[in-house]
Amino acid sequence: MASSPSATQTILRWMGAVAVVGVAAGIWAMFERVPPLAESGHKPTEFWFYAFWIPVGAIVGAVVGIVLGSVVAIGSAALQRLR
């Protein structure tokens, strides 16, 4: 039987995968020119103003990945104990 990855490896893999999805979502938000949450009446004309969505997406994706990876790692450990 092949050994399963450690909990840390599982969490890091999930974090990386979901962070990549977050970066992709940030790039999409930049190109769609999604306004900031607390936008003033001024509409920025510069395209790069919206680039802040990329790191926001990466950070949010990494946090979500840590949570999902933790759930998967805990579930995997619990199932291995039942065997």
Side-chain angles (χ1 to χ4, degrees):
M1 179 187 295
S3 65
S4 61
S6 70
T8 304
Q9 289 175 331
T10 302
I11 293 169
L12 288 176
R13 286 177 183 170
W14 275 87
M15 182 187 74
V18 181
V20 168
V21 172
V23 168
I27 292 171
W28 172 82
M30 181 183 76
F31 283 124
E32 289 294 319
R33 294 184 183 226
V34 175
L37 300 178
E39 183 181 7
S40 65
H42 173 70
K43 296 283 185 188
T45 57
E46 299 170 0
F47 179 72
W48 292 106
F49 172 80
Y50 299 98
F52 79 96
W53 283 118
I54 296 172
V56 168
I59 292 168
V60 169
V63 170
V64 170
I66 289 171
V67 171
L68 288 174
S70 298
V71 169
V72 169
I74 290 168
S76 177
L79 286 176
Q80 283 182 351
R81 289 187 139 212
L82 291 176
R83 289 186 190 178

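- There is a path of hydrophobic side-chain contacts, each under 4.5 Å, that joins Val23 to Tyr50.
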Between side-chain atoms of residues 51-74 and protein atoms elsewhere (two or more places apart, or another chain), which donor-acceptor pairs fall under 3.5 Å?
{"residue": "Trp53", "atom": "NE1", "partner": "Val34", "partner atom": "O", "Å": "2.8"}
{"residue": "Ser70", "atom": "OG", "partner": "Ile66", "partner atom": "O", "Å": "2.8"}

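- Applying the side chain to side chain donor-acceptor pair (under 3.5 Å) test to pairs two or more places apart or on separate chains, none has a residue in residues 18-34.
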